[in-house]
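Data block below; observations after.
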Amino acid sequence: MKLRLPDMIRIYGENWTKEFDCKYVNGSAFHVDFDDVNIDFEKKDALEVRVKANTTPLNFIRLRYNFTEDEKRKDLIKIMGDTFERGYGELEWFGIKPERTFPWYILVSNGSDTNLDCSGRFTEGFGVKTMTSSFVVWQYDSAGILVWIDIRNGGKGVHLNGRELLACEILFGEFRDMSAFHAGKEFCKMMCPNPVLPKHKVYGSNNWYYAYGNSSHDEILSDTKLVAEECKGLENIPYMVIDDGWQKNATDAPWTVLNEKFRDMKELASEMTKLGVRPGIWVRYLIDSHNEVPEAKPEWRFKHSPKFFDPSHPEVIDYVKRTTKMLVDWGYKLIKHDFSTHDIFGKFRMTERIAPNGWDFYDKTRTSAEIVVDFYKAVKEAAGEDCVIIGCNTVGHLCAGIYELNRTGDDTSGRRFEDTRKMGVNTLAFRMIHNETFYMADADCVGIMGPIPWALNREWLTALSRSGSPLFVSCKPRILNESELEELREAYKINSVQENELRPLDWMENVCPNRWLLDGKEIEFKWYDHAGPEYYNPYWN
């Protein structure tokens, strides 16, 4: 399907809807004008959707494309989309399900990627460019496509006050005689023409999935020595990331006060550097549930959820920048910032509704997406070019082109391989198309603390290390024997250069693909032990 103007437009305000039939409009532009609202569509390399209003608050724009006979797919197809932030094991290819919503983009493809002969394969992509000013949702049915463009401010209409908003830039793509995976990669390149990638490959250790917040200054140094020894002799220096648990309050501010197990974070970063790693650190910018950030003012806080800071407030952004610069000045070369989508919108697993109705930001003149993008840009600007940012619980389509790395799935585990299989394997397979097109896609850690058999963790370690995407390992000291340690060293060595190419083959049929193509050779991963999965137990209440 070639990019064109929509057949129908609906504009939604607070308590009203206007509909315009455009199916007889020809050319590359269309203008809608009513009351003080103007909407312009102009087809360039993408279809630009621009909206302007003086006093009328605006909520949504809904576009309908009705397929012509030539545009209808006559073959058997499956459809795949994305999620707003991390994947939670739900990514998969579907048949046509009209009520199903797909954030950001959809891929529509025939055939199967298990067949390496791609003759006759045809994949279509429908999406929007990254760093957009709206949250966008797609629906696909046998008669056409719906595009929902959410330009709200929180859960209310945005007040543009006479300015023109480039709401989004819509893209269609057609890809023939290639796998759906490669078509997805090519479409991601269209959506994000200028990704920001790190100057060197990022890999190493993160202490979360064996420590789970119970750590100390001395234990971090012990972890640092281990990862430095395991990567000894490698040209690319590994990272050692200190996760949550160094600050006074667990998963909470203030960031200037340490708990009793940590002495001096600047001194710690210096010691880590001397031991041969790049220091990294975790932070959660937008929370202050203990009311211990001394400079915080009442207007910094959301009225509906006052323990969280409102990133639309300019003084909150200044605070975020100061905190970031403090971490960089301490000597940390990587910042993992977490929980921000939850802290802004009040939930994980964002649905198409994105935010509940009835609340708005301090600044009511920008859309939610604009506010989020400006927040991400402030973090990166304060961090500088020499500090890598990993977004965790960040909105993938909005941080692409800003951050070097993005955590693409929910937490894996050092305790239950069920969680690693569901969250890690699924997101590695279905968001691998983002790797090096949007950012480096971090599918999360290998958690090594004892409960998970090495045979299962080895499979996950092998997949990650050879994926061409970042590998982070959380390894409890003295838990691995010498042969297992040697396998870990080899995984680090391979991932330190990230030259392998790994892609799923049976992902169109299997949400946890076990057939993959590694550097052109098919391999099979064994994600299950003899007992099989344990997601279901009839004795659970």
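Counting begins at 1 with the first residue of the sequence.
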Give a yes or no on whether a salt bridge exists between [X] and [Y], defined as a side-chain N under 4.0 angstrom from a carboxylate O.
X	Y	result
R349	E90	no
D252	K307	no
E19	R62	no
D374	R366	yes
E42	R50	no
E174	K2	yes
D141	R64	yes
E92	K97	no
E436	K201	yes
D45	K129	yes
R431	D82	yes

field: Considering all heavy atoms, the nearest C399-T394 contact
entry: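 That would be SG-OG1, 4.1 Å.
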Nearest heavy atoms of T412 and D444, plus distance in Å: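 Nearest heavy atoms, T412 then D444: N-OD2, 2.9 Å.
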- request: Show your working on side-chain contact (heavy atoms from CB on, under 4.5 Å) between F181 and I433 and close with a plain yes or no.
  value: CA-CA 7 Å; F181 181 87; I433 59 175; 3.7 Å; yes
query: Is the gap between the ring centers of F102 and Y140 under 6.0 Å?
result: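 Centroid distance F102-Y140: not below 6.0 Å, so no.
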query: Is it true that Y65 and F126 have ring centroids separated by less than 6.0 Å?
result: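 Not under 6.0 Å, so no.
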message: I need the single residue from F361, Y362, F309 that forms a ring-ring contact (aromatic ring centres under 6.0 Å, His included) with W300. Which is it?
response: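 The passing option is F309.
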field: Residue pair S109 / R121, side-chain donor-acceptor N/O under 3.5 Å
entry: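 Checked: S109/R121 side chains pair up, N/O donor to acceptor below 3.5 Å.
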- prompt: Heavy-atom count around D329 CG within 6.0 Å, excluding the residue itself: above 12?
  reply: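 Yes.
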task: Take F135 and V395, measure what side-chain contact (heavy atoms from CB on, under 4.5 Å) needs, and give me the verdict at the end.
output: CA-CA 10 Å; F135 283 84; V395 180; 4.1 Å; yes
